[in-house]
Amino acid sequence: MKKLILIAILISSFEFSSFAEDTAGKQLFSFAQDLHGFADMRYGIRTQSDPNKEQTTLKELRLQLSRIWYQDLFTLTARSDFVFDGVPNNHGRIDLETGEGPIDLRELNVLFTPVRWADVKVGRQILTWGTGDLLFINDLFSKDWKSFFTGRDEEYLKAPSDALFMSFFPSFANIDVAYMPRFDSDRFVDGERLSYWGGTGLTGTDLQTDKPDDWFTDDEIAVRISRYMKGWNVAAYGYSGYWKTPQGFDTVSGKNTFPKLSVYGASVRGALAGGIANLEVGYYDSREDRNGTDPFVPDSQIRLLVGYEHEIIQNLTGSAQYYLENTPDTEHNRHVVTLRLTQMLMNQTLTLGLFTYWSPSDQDGYIRPSVAYKLTDNWLLETRGNFFFGKNNNTFFGQFADNNNVAMTVRYSF
Amino acid sequence: MKKLIAITLLLASVNAFALTVDEIVNKANEAAYYAGNDGFADVKMVITDAGGGERIREFRILRLNTGDGNQKFYVYFKEPADVRRQVFMVWKKVKQGQDDDRWLFLPALNLVKPIAPGDKRTSFVGSDFVYEDVSGRALWEDTHELIEETETQYIVKNTPNDHGAVDFSSYTVQIDKQTFLPVKAEYLDKNGKLYRRVEATKVETVQGFPTVLESRVDDLARGGGRTVNTFSNIEYNVGLKEMIFTERFLRRPPREATR
């Protein structure tokens, strides 16, 4: 903590040139000058009461520091959050897996180019691919649903992965391979901050899970082969690992589990009629229950997503997506429709945003309105809402109906 | 030698006489957007709103001519903090009926996001410049008319062929006869009222190419908002490789952008 304060002081003394008079001071000064990030104060509160949880969902002070070292042979990136959290949680100590403790290490990696036609990035990194907008089929890199539902910045939906990421660039395609030597689950809703469906009712108690966590045996691998063709980006994907949220159940231990999963998929995205259209499909092969007989392991699924984005009028962009989860074994279909509207005003300093999920089959949904105002280049004020609704409280969004919340932020970026 | 100069001047003036409006706008387009085979520059953008508030954007722009008038642009943001390391990339296509391909790279999400081709007249990063000012407007989109010729300038009126696609009814460009650089453009709104002015306020020759070192947009409709661009570290024919302008280098900016 002392170090943290020191760094904070260092940053705030940026502009005092007297600081840079002696050589050591100069070095420190130049180090501080290359140090970037933000300080973010965020407060979130439920808009109704929840018998299972306290009223406050977020009460945090977050300092993000990042620094990149560009060398001839490699690039080293370090980016970490230092968090003071006022909401009682289970992670008083540093827990880099869940990011809940006082340190959430976002990136610490080395990038190098061993041969002209390949790049390698090793270490903690954020990984993203696929074409969906806040919907994911072939992107099985870890997500942070807790951050997403409580109104942290949207970038926090992507949780970091500890991975070896290799990209190859032969003439015919780009090939990316991500290897996670130890399974990285999602940062899923587990009773901390948010209540959820616990099997018999809504609960805020700690979700007990049994997570595969042996290095190099409980691993994950994800592959993408993509190619740009006549304005369209076409990609094929493969994944071998585990369901990212604890959707299985072990009747002996009474714990939730992460059954084995493989995914095969494809996507295409490109310009169409003045907008951007995308189509993505994936087959979720639930390897521990291929014939769909085990009630405690999720069934295999076919997932599909179609989307279109277009500027409606100047500075107002709209997009819509249709998403389907088809479970052949039970002949069940889950349909979801999303809608995004983004309006930029006042020279793009004021942004009004709305994202909605609505599932006609589950009869539930999730509404995410936001207002962000850039007071100056450095200061940002933001308010986000997270509103869930559902006919039943055991559906994907319906289970969060007691968690409706509004989060307010002041952020200073430097 | 003197004779040679005289002949050259003569030829030049004969040539000038013979120029049609299409030749003029072609040459102006060449001078403004195509100097050298490639090039880069650091840009400092100062956006001043009507109330006097200032915001600053700093970025490096890389450009490569890829033939047939097509170009690739790579814009790497350095300031302000909330857009630092973002990259905006354009594959400009001049052929009628083909849209430019445009992408944005968001480093915090490690996300490459395509941008819909429709919104070219949208403000570029909150400034008074629009996306089209950065990469250029295709010549076939307007009908050009030489309305005046002074000793030093051609004055060309441009009327959009598709009125629905743009926010102006016409714009008039003053083109310097010597350098063929457009030095001033004035945009009229749908009621014929002047509402936007783009100017090259400082021009110098860099490596033999007449180059704009400072440009400025005045938003006259909303009472005095303006954006001033200052260009520095300009270099042409640096030998940029086409592979820089791909998804690979969106995710890991090349040295040409970060140094």
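In this text, all values refer to a predicted model and were calculated from it rather than measured experimentally. A note on names: the letters A, B, ... follow the listed sequences, proteins ahead of strands, and every chain is numbered from 1.
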Check: Can you say whether the rings of Phe88(B) and Phe124(B) are parallel (under 30°), tilted (30 to 60°) or perpendicular (over 60°)?
Finding: tilted

Notebook entry, point to check: Which region of Thr258(B), side chain (C-beta onward) or backbone (N, CA, C, O), has a non-hydrogen atom less than 4.5 Å from a non-hydrogen atom of chain A, or is it both or neither?
Noted result: side chain

Check: What do you reckon, is NZ of Lys44(B) surrounded by more than 12 foreign heavy atoms closer than 6.0 Å?
Finding: no

Note to self: Between Asp219(B) and chain A, with a heavy-atom cut-off of 4.5 Å, which part of the residue counts as in contact: side chain, backbone, both or neither?
What the structure shows: neither

Notebook entry, point to check: Quick one: do Lys120(B) and Glu311(A) make a salt bridge, cutoff under 4.0 Å?
Noted result: no

Notebook entry, point to check: Quick one: are the ring centres of Phe74(A) and Phe112(A) less than 6.0 Å apart?
Noted result: no

Item checked: Largest heavy-atom contact set with chain A, pairs under 4.5 Å, which of Asp99(B), Asp128(B), Ile56(B), Leu111(B) -> Ile56(B)

Next item on the list: Please say which of Trp103(B), Phe73(B), Phe245(B) ends up in a ring pair (Phe, Tyr, Trp, His ring centres under 6.0 Å) with Trp91(B).
Entry: Trp103(B)

Check: Can you say whether Gln125(A) sits under 4.5 Å from chain B via the side chain, the backbone, both, or neither, judging by heavy atoms?
Finding: neither

Check: Relative to chain B, which of Thr128(A), Thr131(A), Asn378(A) shows the most heavy atom pairs under 4.5 Å?
Finding: Thr128(A)

Note to self: Counting heavy-atom pairs under 4.5 Å with chain A, which one of Gly53(B), Ser127(B), Gly126(B) comes out on top?
What the structure shows: Gly126(B)

Next item on the list: Output the option from Asn315(A), Asn174(A), Asp119(A) having the highest count of non-hydrogen pairs under 4.5 Å with chain B.
Entry: Asp119(A)

Notebook entry, point to check: Looking at His310(A), Arg116(A), Glu107(A), which one has more heavy-atom pairs under 4.5 Å with chain B than the rest?
Noted result: Arg116(A)

Notebook entry, point to check: Between Tyr237(A) and Trp129(A), how do the two ring planes meet: parallel, tilted or perpendicular, split at 30° and 60°?
Noted result: tilted

Next item on the list: Please look at Ile126(A) and chain B and tell me whether the side chain, the backbone, both or neither of the residue comes under 4.5 angstrom of a heavy atom of that chain.
Entry: both

Notebook entry, point to check: So among Arg216(B), Glu214(B), Glu186(B), which one has a side-chain contact (heavy atoms from CB on, under 4.5 Å) with Glu199(B)?
Noted result: Arg216(B)

Next item on the list: Please state whether the side chain, the backbone, both or neither of Asp139(A) comes within less than 4.5 Å of a heavy atom of chain B.
Entry: neither

Next item on the list: Flag the one option from Ala81(B), Pro114(B), Pro80(B) with the top tally of heavy-atom pairs under 4.5 Å to chain A.
Entry: Pro114(B)

Check: Counting only heavy atoms not in Lys190(B), do more than 12 sit closer than 6.0 Å to its NZ atom?
Finding: yes

Notebook entry, point to check: For Tyr228(A), is it the side chain, the backbone, both, or neither that has a heavy atom closer than 4.5 Å to a heavy atom of chain B?
Noted result: side chain

Check: Quick one: what part of Glu247(B) sits under 4.5 Å from any heavy atom of chain A, side chain, backbone, both or neither?
Finding: side chain

Notebook entry, point to check: Quick one: what part of Asn233(A) sits under 4.5 Å from any heavy atom of chain B, side chain, backbone, both or neither?
Noted result: side chain

Note to self: Against the six-membered ring of Phe148(A), is Arg368(A) placed for a cation-pi contact (under 6.0 Å from the centre, within 45° of the normal)?
What the structure shows: yes

Check: Can you say whether Arg106(A) sits under 4.5 Å from chain B via the side chain, the backbone, both, or neither, judging by heavy atoms?
Finding: neither

Check: Quick one: do the Ser66(A) and Arg79(A) side chains pair a donor with an acceptor below 3.5 Å?
Finding: no

Next item on the list: Would you mind checking which part of Thr349(A) comes under 4.5 Å of any heavy atom in chain B, side chain (CB onward), backbone (N, CA, C, O), both or neither?
Entry: side chain

Check: Is chain B contacted by the side chain of Ile68(A), its backbone, both, or neither, given a heavy-atom distance below 4.5 Å?
Finding: side chain

Item checked: Trp379(A)-Tyr412(A) aromatic ring centre distance below 6.0 Å -> yes

